[in-house]
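Note: hydrogens, waters and symmetry copies are ignored here, and every other heavy atom, side chains too, is used. Below, chains carry the letters A, B, ... as their sequence lines are ordered, and counting in each starts from 1.
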Amino acid sequence: MIEDPILKVVGLTKKFGGVTALSDVSFEVGEGEILGIIGPNGSGKTTIVNNITGFIKPSSGMIFFKGKNITGQKPHKIADMGVTRTFQVMRPYYSLPAYKNLVIPLFSPRARRTGGWRGGGRLGDRHTVSIDILEEIGFERDSYIPFKTTSTLPTGYLKRLELARCLSLKPEIIICDEVFSGLSMSEIASMVPLIERLQMDGITIVMIEHRLRELFRVANRIMVMNFGEKLIEGSPDEVMADAGVKEAYFGSEEVEEVMTYA
Amino acid sequence: MDIAQARKERIDRGIKVRSDGLYALMSLKELSYLTLPRFLLIAGMLSLPFLMPGMYWQRVISIVCIYSLLALSFDFLAHYVGLVCLGGAFFIGMGGYIAGILNTYFGLPPVLTIPLATIIGGALSTFLLLPCLPLKGVYFAIVTLMYPLFMARIIEAFDIFGGTDGIIGIDSFSNHWVEQYVVIGVVLGFVFGLRRLVNMDIGLIFTAIMDNDQAVKASGINITLYRALAVFIASSMGCLGGACITHIYMWSGISQFALDFSILPIAATVIGGAGTLVGPVLGCLILVPVSELLRDFGTLRIVFYAVILVAFILFKSEGIMEFVQRKYEQFERWTKI
Ligand SMILES: Nc1ncnc2c1ncn2[C@@H]1O[C@H](COP(=O)(O)OP(=O)(O)O)[C@@H](O)[C@H]1O
Ligand SMILES: [Mg+2]
């Protein structure tokens with residue numbers, strides 16, 4: 001049990017018609033920690049994210065943010081509380097220049113309220129603030145990249161743009177749905193310090209990942225999903241030692257690899 | 001030159017490139033290149049009443065402006081908010097009846113009835129359309145097409161607001177010059193106002209909701225609120241047009257819920273250039289007078305709009321505005337492949 005968890009999921013169950021995507025999943029996330037969620041494709045990880053962030057309503061179960069029941073709230077309400085997410089299938093505004101992607105979250109009530117991107121309580125010019133955030137997330141400020149049309153950017157930048165959208169809301173929690181997948185080794189290597197820095201800034205992070213090696217390095221705890229159920233949960237070491245995990249996890253070879261690496 | 005081995009190359013005119021940036025401020029020539037189209041539009045619209053041969057055609061100009069408001073609001077909703085709204089007749093009827101009621105039952109003069117009908121009508125129409133806002137594409141279109149039919153039947157069946165006779169004895173504008181310049185001013189105001197709006201940050205929110213509503217939700221923005229705001233803007237424009245029509249004809253009746261108000265603006269938008277905001281006004285400037293010439297054919301005119309619409313879609317995929325803009329900003333030449 002975690003004392004005063006920032007996020008608490010109790011008995012979460014989701015049925016799509018006859019398919020049970022999630023059955024009775026419970027877990028807690030402590031303030032400021034990084035929780036990793038792993039599991040084979042179709043094991044219900046994205047469904048967990050969608051339920052927490054209000055994009056779908058649970059069949060049963062409850063979700064608490066800072067002790068407040070947020071089950072079934074509208075997505076914009078939940079984002080407004082500071083519970084933000086990235087999308088596994090990235091959703092940038094392809095026709096806009098990269099920096100204009102952030103004008104939209106910066107327009108939100110939460111960004112206006114929490115503001116203070118440039119000292120003082122008032123939000124600065126949204127376009128300037130966007131460029132600041134993009135620089136923070138790894139877009140080279142003095143290059144032309146922030147000004148390029150989003151559809152021309154490589155995947156690595158689109159993933160960063162997903163994170164940047166969360167950051168512009170001054171989030172309490174960021175739930176990352178596979179931000180590393182589709183990236184090259186070197187791109188991932190440059191993202192890991194970014195995640196670590198976000199944690200140091202006090203942001204709680206839930207990371208859904210297939211890239212076990214990098215995940216096990218940054219995560220404080222790991223939860224393993226299989227067929228919509230929670231298999232086990234524990235420290236990275238405990239999870240790696242578990243035989244059931246190796247069996248359930250398709251990339252069992254990769255688990256071996258992580259073990260020897262660690 | 002053999003067409004099969006050549007293609008048309010389009011190159012931005014030098015003056016277009018130069019006047020894109022701040023440098024335009026340094027030369028009178030480039031400044032005038034930038035301002036000429038706007039100046040032509042304003043001067044053209046303002047001089048229309050003087051160019052018309054007589055009262056009848058001046059009245060036609062007023063009607064052109066009313067339709068322009070509808071076409072503008074259709075273009076705004078369809079191309080900048082992503083809602084295909086066929087509610088032109090609904091908005092005209094709402095605005096028309098509210099202005100009529102305020103004028104006859106409450107004795108308010110047109111200076112008050114028109115702004116009031118605009119605001120109240122816009123708010124009421126938005127409220128009635130609220131349940132349909134989550135509907136997408138063609139479903140929203142169908143519902144908005146049903147509303148005016150529904151309103152007309154209610155007024156008929158319950159015999160309220162004068163029933164089939166309509167409300168009579170409504171004040172007119174003080175004279176036809178006032179009438180003309182009120183509607184022309186309003187159209188020009190909305191052309192430039194909407195263009196400004198869609199280029200502001202809030203316009204970005206509208207288009208973002210159209211392209212990618214999930215990401216907007218994840219950004220903590222209430223998309224229903226912004227859709228409602230956009231519908232309020234568009235329906236207010238329609239209601240404003242309706243209120244003007246009521247005072248122009250000194251009458252409001254169920255024919256203000258007629259389908260023409262929903263269909264002609266779409267045809268005008270396609271002809272003028274969808275998504276350009278100015279195009280729909282040009283479209284109305286062409287279509288409404290032509291439709292006036294065909295008045296003898298009565299309801300057959302709907303066929304005429306349909307034919308024009310189909311012909312345009314089949315043979316000329318770009319509207320007048322896009323064509324003119326291309327000619328103004330680029331030159332073309334044939335190059336060998
Ligand atoms: N919107 C939906 N409608 C129907 N079935 C869905 C929907 N979303 C997910 N599922 C099903 O739920 C299961 C879990 O999917 P998902 O949460 O996306 O898995 P993961 O993210 O772990 O790969 C899958 O069997 C998937 O087919
Ligand atoms: Mg997934």
Side-chain angles (χ1 to χ4, degrees), chain A residues 49-50 52-56 73-97 99-114 123 125-127 129-130 150-151 158 161-162 164-171 174-175 177, chain B residues 12 17 20-23 75-83 130-136 194-233 273-277 318 322 325:
Chain A
V49 183
N50 284 338
I52 295 174
T53 51
F55 282 83
I56 56 183
Q73 293 259 30
K74 293 252 165 59
H76 71 87
K77 283 260 172 62
I78 293 177
D80 194 65
M81 296 175 199
V83 182
T84 60
R85 67 168 300 175
T86 69
F87 289 97
Q88 180 177 353
V89 180
M90 296 157 292
R91 295 181 189 278
Y93 307 99
Y94 283 107
S95 53
L96 298 179
Y99 77 97
K100 282 208 178 180
N101 272 262
L102 298 189
V103 171
I104 291 141
L106 287 173
F107 198 86
S108 68
R110 182 179 173 85
R112 291 167 190 236
R113 211 169 47 232
T114 52
L123 199 67
D125 171 40
R126 287 191 194 92
H127 294 208
V129 179
S130 318
T150 310
S151 57
L158 298 183
L161 218 43
E162 286 283 318
R165 186 184 55 231
C166 299
L167 275 190
S168 30
L169 293 173
K170 293 253 165 170
I174 301 181
I175 308 178
D177 198 350
Chain B
D12 278 0
V17 178
D20 265 352
L22 253 184
Y23 301 109
D75 196 29
F76 167 65
L77 276 189
H79 298 101
Y80 294 92
V81 188
L83 291 170
L130 271 187
C132 321
L133 286 186
L135 297 180
K136 287 222 171 125
L194 282 182
R195 180 133 295 291
R196 178 102 185 84
L197 183 80
V198 298
N199 285 326
M200 292 193 326
D201 285 353
I202 191 168
L204 210 56
I205 306 289
F206 287 144
T207 26
I209 293 174
M210 165 167 78
D211 295 336
N212 193 347
D213 57 338
Q214 303 279 317
V216 181
K217 286 182 192 169
S219 304
I221 290 176
N222 183 350
I223 65 170
T224 313
L225 183 74
Y226 283 92
R227 281 219 179 102
L229 182 61
V231 169
F232 174 72
I233 294 170
T276 60
L277 295 180
E318 61 177 7
E322 285 134 343
Q325 192 171 5

Considering all heavy atoms of both residues, which atom of A/Ser108 and which atom of B/Gly220 are nearest to each other, and what is their separation? CB-O, 3.8 Å

Nearest 0.5 Å, what's the CG-CG distance between A/Asp80 and B/Asn222? 10.0 Å

CG/B/Asp201 to CG/A/Leu106 distance, rounded to the nearest 0.5 angstrom? 9.0 Å

Please classify the contact of B/Tyr226 with chain A as side chain, backbone, both or neither, using a heavy-atom distance under 4.5 Å. side chain

Under 4.5 Å to a heavy atom of chain B? For A/Thr86 that would be neither

What part of B/Asp211 gets within 4.5 angstrom of chain A, counting heavy atoms only: side chain, backbone, both, or neither? side chain

Which atom pair, heavy atoms only, marks the closest approach of B/Lys217 to A/Ala79? O-CB, 4.1 Å

Residue among A/Ser95, A/Gly54, A/Pro105 with most heavy-atom pairs under 4.5 Å to chain B: A/Pro105

Under 4.5 Å from a heavy atom of chain B, the part of A/Tyr94 involved: neither

I need the minimum non-hydrogen distance between B/Ser219 and A/Tyr93, along with the two atoms involved. OG-OH, 4.2 Å

Scanning both residues in full, the closest heavy-atom pair of B/Ile221 with A/Ile104 reads CD1-O, 3.1 Å

Where on A/Lys100 is there a heavy atom nearer than 4.5 Å to chain B: the side chain, the backbone, both, or neither? both

Which heavy atom of A/Arg91 sits nearest a heavy atom of B/Ala215, and at what distance? O-CB, 3.5 Å

Tell me, for A/Ile78 versus chain B, whether the close heavy atoms (under 4.5 Å) come from the side chain, the backbone, both or neither. neither

Top contributor to chain B interface from A/His76, A/Lys74, A/Lys77, A/Glu162 [non-hydrogen pairs under 4.5 Å]: A/His76

